[in-house]
Amino acid sequence: MANTTNTTTGTTTQTTADGTRQTFDSYEEFWPYYVAMHSRAATRWVHLTGTLTGLALSAYGLARGRKRYALALPLIGYGTAWPAHWFIEKNNPATFGHPAWSLRGDRQMIATMLAGRDRELGEIAAKWLAENR
């Protein structure tokens, strides 16, 4: 799925590889799409691992007064997540078209996983894909 975004007043349109256009008026509408772009558990776990590793290194560095370690979060987080999209999901990261909503989606997805509800994410993804493909 390719991400090309056109934004008009309050509405964001996502154009997929097959030319299908998805329109989102709010984050709540975007959320199931975001989860569907992470339909495989392996992709979600790569996101979780990369984000938590980057967060841990950033926190360690900042606690030691090494401000450059703050770069670990975006570098390791995105550096592991984006290849997961290309090689596991076979899609482009939603971040390319929706950076703010994707960051919020990452936080929500990871919190859901840490709460032991990864299966729920799989169900949301399957439902969205069944309705939109």
Side-chain angles (χ1 to χ4, degrees):
M1 203 174 254
N3 291 329
T4 306
T5 304
N6 302 312
T7 305
T8 57
T9 316
T11 301
T12 303
T13 302
Q14 189 78 32
T15 304
T16 62
D18 65 0
T20 306
R21 297 173 69 82
Q22 298 294 325
T23 303
F24 309 106
D25 292 321
S26 66
Y27 172 77
E28 289 69 25
E29 288 181 18
F30 173 77
W31 167 246
Y33 164 81
Y34 177 83
V35 175
M37 297 302 98
H38 301 82
S39 66
R40 297 174 186 258
T43 305
R44 294 190 298 272
W45 284 98
V46 167
H47 269 262
L48 176 89
T49 303
T51 299
L52 293 182
T53 301
L55 186 60
L57 281 172
S58 292
Y60 169 80
L62 292 172
R64 297 279 189 182
R66 299 179 182 149
K67 293 179 183 179
R68 71 179 185 275
Y69 275 59
L71 293 174
L73 180 55
L75 290 176
I76 295 172
Y78 288 125
T80 56
W82 289 353
H85 281 282
W86 300 321
F87 298 117
I88 298 171
E89 289 288 342
K90 309 286 190 229
N91 65 20
N92 285 323
T95 304
F96 294 168
H98 305 284
W101 283 351
S102 292
L103 187 59
R104 184 175 169 188
D106 280 343
R107 191 185 80 231
Q108 185 174 352
M109 181 175 71
I110 289 168
T112 302
M113 293 173 73
L114 291 174
R117 298 175 20 227
D118 187 53
R119 177 178 283 177
E120 180 181 320
L121 295 170
E123 292 167 0
I124 292 168
K127 181 178 185 231
W128 190 92
L129 290 168
E131 293 173 355
N132 292 282
R133 289 227 167 153

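By convention here, the first residue in the shown sequence is residue 1. This one's a predicted model, so the numbers in the text were calculated from it and none came from an experiment.
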Return the minimal non-hydrogen interatomic distance between [X] and [Y], and the atom names on each side.
X: Leu57; Y: Ala72; value: CB-CB, 3.7 Å
X: Glu89; Y: Ala36; value: OE1-O, 4.3 Å
X: Ser39; Y: Leu129; value: CB-CD1, 3.7 Å
X: Tyr33; Y: Ala94; value: CE2-CB, 4.3 Å

Spatial distance of atom [atom1] ([X]) from atom [atom2] ([Y]) [nearest 0.5 Å]:
X: Ile88; Y: His38; atom1: CD1; atom2: NE2; answer: 10.5 Å
X: Met113; Y: Thr49; atom1: CE; atom2: OG1; answer: 7.5 Å
X: Thr80; Y: Leu52; atom1: OG1; atom2: CG; answer: 10.0 Å
X: Asp118; Y: Glu123; atom1: CG; atom2: CD; answer: 10.0 Å
X: Leu73; Y: Tyr78; atom1: CG; atom2: OH; answer: 8.0 Å

| Residue pair Arg104, Trp31: steps toward the side-chain contact (heavy atoms from CB on, under 4.5 Å) verdict | CA-CA 9 Å; Arg104 184 175 169 188; Trp31 167 246; over 6 Å; no
| said: Whether the side chain of Thr51 engages the backbone of Leu48 through a donor-acceptor N/O pair (distance < 3.5 Å, no angle test) should be reported. | reply: no
| request: Assign the ring pair Trp101 / Phe30 to parallel, tilted or perpendicular, where the plane angle (0 to 90°) is split at 30° and 60°. | output: tilted
| query | Under 3.5 Å, is there a donor-acceptor pair between the Trp86 and Asn92 side chains? | reply | yes
Close side-chain approach of [X] and [Y], heavy atoms under 4.5 Å:
X: Thr112; Y: Val35; answer: no
X: His85; Y: Phe96; answer: no
X: Trp82; Y: Thr95; answer: yes

| field | Audit row: Trp128, Met37, side-chain contact (heavy atoms from CB on, under 4.5 Å) steps and yes/no | value | CA-CA 10 Å; Trp128 190 92; Met37 297 302 98; 4.2 Å; yes
| task | Say whether Met109 and Tyr27 are linked into one hydrophobic cluster, either directly or through other cluster members, by side-chain heavy-atom distances under 4.5 angstrom. | result | yes
| message | Starting from Val46, can I reach Ile76 by hopping between I/L/V/M/F/W/Y residues whose side chains sit under 4.5 Å apart? | response | no
